[in-house]
Enquirer: 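Here it is, the structure, as structure tokens.
In this text the structure is predicted, and so the values were computed from the model without any measurement. In each ligand, atom 1 is the first atom listed, and ligand 1 is the first ligand listed.
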Amino acid sequence: MLIKRPPDIAPSEITPRPLFDDRRRLILKAGLGVAAGAALWHGRPAPARAAAKLDALPSALSTTEAQTAYKSITTYNNYYEFGTDKADPARNAHKLVTRPWTVRVEGLAGKPRSFDLDQLLKLAPLEERIYRLRCVEGWSMVIPWVGFPLAALLKAVEPLGSAKYVEFLTHYDPEIMLRRPVLDWPYGEGLRLDEALHPLTILAVGLYGELLPNQNGAPVRLVVPWKYGFKSAKSIVTIRLTEQQPPTAWNRAAPNEYGFYSNVNPAVAHPRWSQASERRIGEIRKRPTQLFNGYAEQVASLYQGMDLRRNF
Ligand SMILES: Nc1nc2c(c(=O)[nH]1)N[C@H]1C(S)=C(S)[C@@H](COP(=O)(O)O)O[C@H]1N2
Ligand SMILES: [Mo]
């Protein structure tokens, strides 16, 4: 990952939080329909965008921290297929056509199959998951995702006893994406099966109550909140259950810098920079980075007995 200092984002860009939270709570609690929801959302500062609203249940797994502004979440992106500058994905990702879309789930499964988007959305009720996202480059955001547990998808295909890992491959189209081999396309990622089945791990289809913008990984992307952001593969087309640990894009590009696990860990520095602190986009002062990005209570048991320095 290239290192660049994030530009300072003006505090005025941040959504007035108490006002926003009240409206949001009302929509979620009352389960209001599309039209009523849209009316209540009026007045929130935001760029023009798709009008589709998603009905999502609130989740006890959400953080109550202040959410990063929609504008920052959707204009300060890493999606290298659309360019390596933070502003490139928002400029270029409109070329991606996300409908129809098929996710093929294959490998060591009793019932391997493909899912179109409607079938994906029927696997489980949509939930709002407000998660911290910590990029390996040293910045972080708080993002109100809309999605469902990856476990719901995996259970539907009935993983075999021999399945130990899950590989994710993302869409690659040289007609609209970088041809330059910045990474070995398609972008690949992987999780251990128990990590993939963990209730915090979701497939996201939206953010801020709306369908995902392309630059954030439409139509479906992974979110694993206790790991560095690059584990959260965007625009997924293949999910494969495997016995062997799958290769991953960043690990292949720089194996001494990016390990398979990539759990957020302030005590394990990247070879070229510290991971002890982070800058929350929209804030000036840095804050200390938390072990497992603050999700230690939920996930530390997955790594019991493992040397987290060796398995970085
Ligand atoms: N296909 C693909 N997925 C990707 C990336 C990428 O370059 N290509 N970048 C990753 C990185 S480094 C981060 S930090 C997150 C950023 O997600 P966001 O732009 O939605 O905040 O996406 C991840 N998923
Ligand atoms: Mo990242």
Enquirer: Among Lys231, Arg221, Glu189, Gln215, which one puts a heavy atom closest to atom 17 (O) of ligand 1?
Expert: Arg221
Enquirer: Does ligand 1 have any atom sitting under 4.0 Å from a heavy atom of Ser232?
Expert: yes
Enquirer: Using a plain distance cutoff, I'd like to know if Glu137 has any nitrogen or oxygen under 3.5 Å from a nitrogen or oxygen of ligand 1.
Expert: no
Enquirer: Arg113 vs Val157, test: side chain to side chain contact (heavy atoms under 4.5 Å, CB included). Steps then yes/no.
Expert: CA-CA 7 Å; Arg113 56 167 283 203; Val157 300; 4.1 Å; yes
Enquirer: Within the structure, does Tyr76 bring an N/O atom to less than 3.5 angstrom of an N/O atom in ligand 1?
Expert: no
Enquirer: If the cut-off is 4.0 Å to any non-hydrogen atom of Cys135, which atoms of ligand 1 fall inside it?
Expert: 14 (S)
Enquirer: Look at the rings of Tyr295 and Tyr131 and say which category their plane angle falls in: under 30° parallel, 30 to 60° tilted, over 60° perpendicular.
Expert: perpendicular
Enquirer: Does Trp145 reach ligand 1 with a nitrogen or oxygen that is under 3.5 Å from one of the ligand's nitrogen or oxygen atoms?
Expert: no
Enquirer: Using the ring pair (Phe, Tyr, Trp, His ring centres under 6.0 Å) definition, which of the options Tyr228, Trp226, Tyr303 pairs with Phe292?
Expert: Tyr303
Enquirer: Please could you name the atoms of ligand 1 that Tyr80 approaches to less than 4.0 Å, counting only its heavy atoms?
Expert: 6 (C), 7 (O)
Enquirer: Say whether Tyr79 and Ser235, considering side chains only, have a donor N or O and an acceptor N or O under 3.5 Å apart.
Expert: yes
Enquirer: For ligand 1, indicate whether the residue Met141 contacts it via side chain, backbone, both or neither (heavy-atom separation under 4.0 Å).
Expert: neither
Enquirer: According to the ring pair (Phe, Tyr, Trp, His ring centres under 6.0 Å) rule, which pairs have a member within residues 150-185, sequence neighbours left out?
Expert: Trp101-His171, Tyr165-Phe260, Tyr172-Trp185
Enquirer: For Asn77, take its heavy atoms, then give the atoms of ligand 1 lying under 4.0 Å from any of them.
Expert: 18 (P), 19 (O)
Enquirer: Would you kindly check if the NZ (Lys) or CZ (Arg) of Arg310 is within the cone defined by 45 degrees around the ring axis of Tyr261 and under 6.0 Å from the six-membered ring centre?
Expert: no
Enquirer: List in chain and number order the residues that pass ring pair (Phe, Tyr, Trp, His ring centres under 6.0 Å) with Phe148, two or more places apart in sequence or in another chain; answer none if no residue qualifies.
Expert: none
